[in-house]
Amino acid sequence: MRIILNGHPTETGARDLAALLEERGDESDCVATALNGEFVPRAARAGTPLTPGDRVEVLRPMQGG
Amino acid sequence: MFYGVALQSRLMLGTAQYPSPAVLRAAIAASGTQVITVSLRREGPEGARFREIVAGSGCRILPNTAGCHSAREAVTTARMARELFGTNWIKLEVIGHADTLQPDPFALVEAARILCAEGFEVFPYTTEDLVLGERLVEAGCRVLMPWGAPIGSGQGLRNVEGLRAMRAHFPDVPLVIDAGIGTPSDAARAMEMGFDAVLLNTAVARAGNPVAMARAFARAVEAGRLGFEAGLMPRRDMARPSTPVFGMAELG
């Protein structure tokens, strides 16, 4: 299915958020996730199914003021 | 005390815009800061190196919601930050204008209320407006962070009298001057006025020599605080001789 991952249209075979991170090779503890503008806690990722067109954000610590 | 945490250093430092990760690391060390601000972003250049520096700094992390323009975005960002950094501290920024980067006071209070109810310890980036400050305190904020001047402008304390009034109005709320500080003397002045700390980034990161400037700010903040604690002399309109007139010779 096609989702919007960090602003980019992306094809994925993952059915849920946890599987998406695994597919991308993201270390689960090093990122924070949101689906369609709502925070998805780490423990809820596996129980959060993806549907086509979903907007997913996978964020990391970065420089900030 | 900032949410029960006592800090030896009253300088809080941002981590963006440094010429290199090595300079960032050295600037953090030279500043003596115990609190650094960070953001949450999509993976960018030098991400892994940055995370190493943050972890190795020994500083307390103050994540921000920089760039958020609505309460909803800021609340989601704060929740993500709490999980990722393992802290209830959040520097709450809800921006009203893309050009002035002035806080949106209405969305700020709305987001602060939601986050405080969820157990966050909110450091709101606000203006010197007293009513807004009161609303933030009512929402549960136990620290306020009034701007000195627009973010990144380096204009210093643009409304000194307004900030003085704010200090007097909130004697028991820790107040941090956040944003707009350009020079060490700006920081010293804020501290002399009795503010509890200053938070700055660009003034160090964009200095000719960021590490030396970090050291300069550390000393300015310390000097300003010592001056405040020592009690400043009252200002006078007229001169008054400091050398005694009594006992002066008649030589004319």
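Each chain gets a letter, A, B and so on, in the order its sequence line appears, and its residues count up from 1.
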Portion of [X] that has a non-hydrogen atom of chain A nearer than 4.5 angstrom:
| X | answer |
| --- | --- |
| B:R72 | side chain |
| B:E73 | neither |
| B:Y18 | neither |

Practice problem: Rounded to the nearest 0.5 Å, what's the gap from CD on B:E83 to CZ on A:F39? Could you check? | Solution: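 One finds 4.0 Å between CD of B:E83 and CZ of A:F39.
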
Practice problem: Output the distance between atom CZ (A:R42) and atom CE (B:M80), rounded to the nearest 0.5 Å. | Solution: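 The distance works out to 11.0 Å.
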
Exercise. Under 4.5 Å, counting heavy-atom pairs only, tell me which of B:I36, B:I151, B:T37 racks up the most with chain A.
Key: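 Going by pairs under 4.5 Å, I would pick B:T37.
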
Does [X], at its [atom1] atom, have more than 12 non-hydrogen atoms belonging to other residues, nucleotides or ligands within less than 6.0 Å?
| X | atom1 | value |
| --- | --- | --- |
| B:R49 | CZ | yes |
| B:E222 | CD | no |
| B:R189 | CZ | no |
| B:Y3 | OH | yes |
| A:E22 | CD | no |

Quiz item: Taking all non-hydrogen atoms of both residues, which atom of B:A16 and which atom of A:G65 are closest, and how far apart?
Solution: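 Smallest heavy-atom distance, with atoms named: CB-N, 4.4 Å.
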
Quiz prompt | Closest non-hydrogen atom pair, A:P61 against B:L84 | solution =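 Closest heavy-atom pair between A:P61 and B:L84: CD-CD2, 3.6 Å.
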
Quiz item: So, the side chain of B:T15 versus the backbone of A:G64: is there a donor-acceptor pair under 3.5 Å, distance only?
Solution: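 Checking the backbone N and O of A:G64 against the side chain of B:T15, a donor-acceptor pair under 3.5 Å is found.
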
Quiz item: Below 4.5 Å, heavy atoms only, C-beta onward: do A:Q63 and B:R41 meet side chain to side chain?
Solution: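 No, too far: nothing below the 4.5 Å cut-off.
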
Self-check item: With B:R42, the side chain to side chain contact (heavy atoms under 4.5 Å, CB included) member among A:H8, A:E57, A:M62, A:R60
Solution: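 Among A:H8, A:E57, A:M62, A:R60, the one that satisfies the side chain to side chain contact (heavy atoms under 4.5 Å, CB included) with B:R42 is A:E57.
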
Quiz prompt | B:R51/A:E27 salt bridge by N-O under 4.0 Å criterion | solution =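 Here A:E27 does not pair with B:R51 in a salt bridge, since their nearest N and O are not under 4.0 Å apart.
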
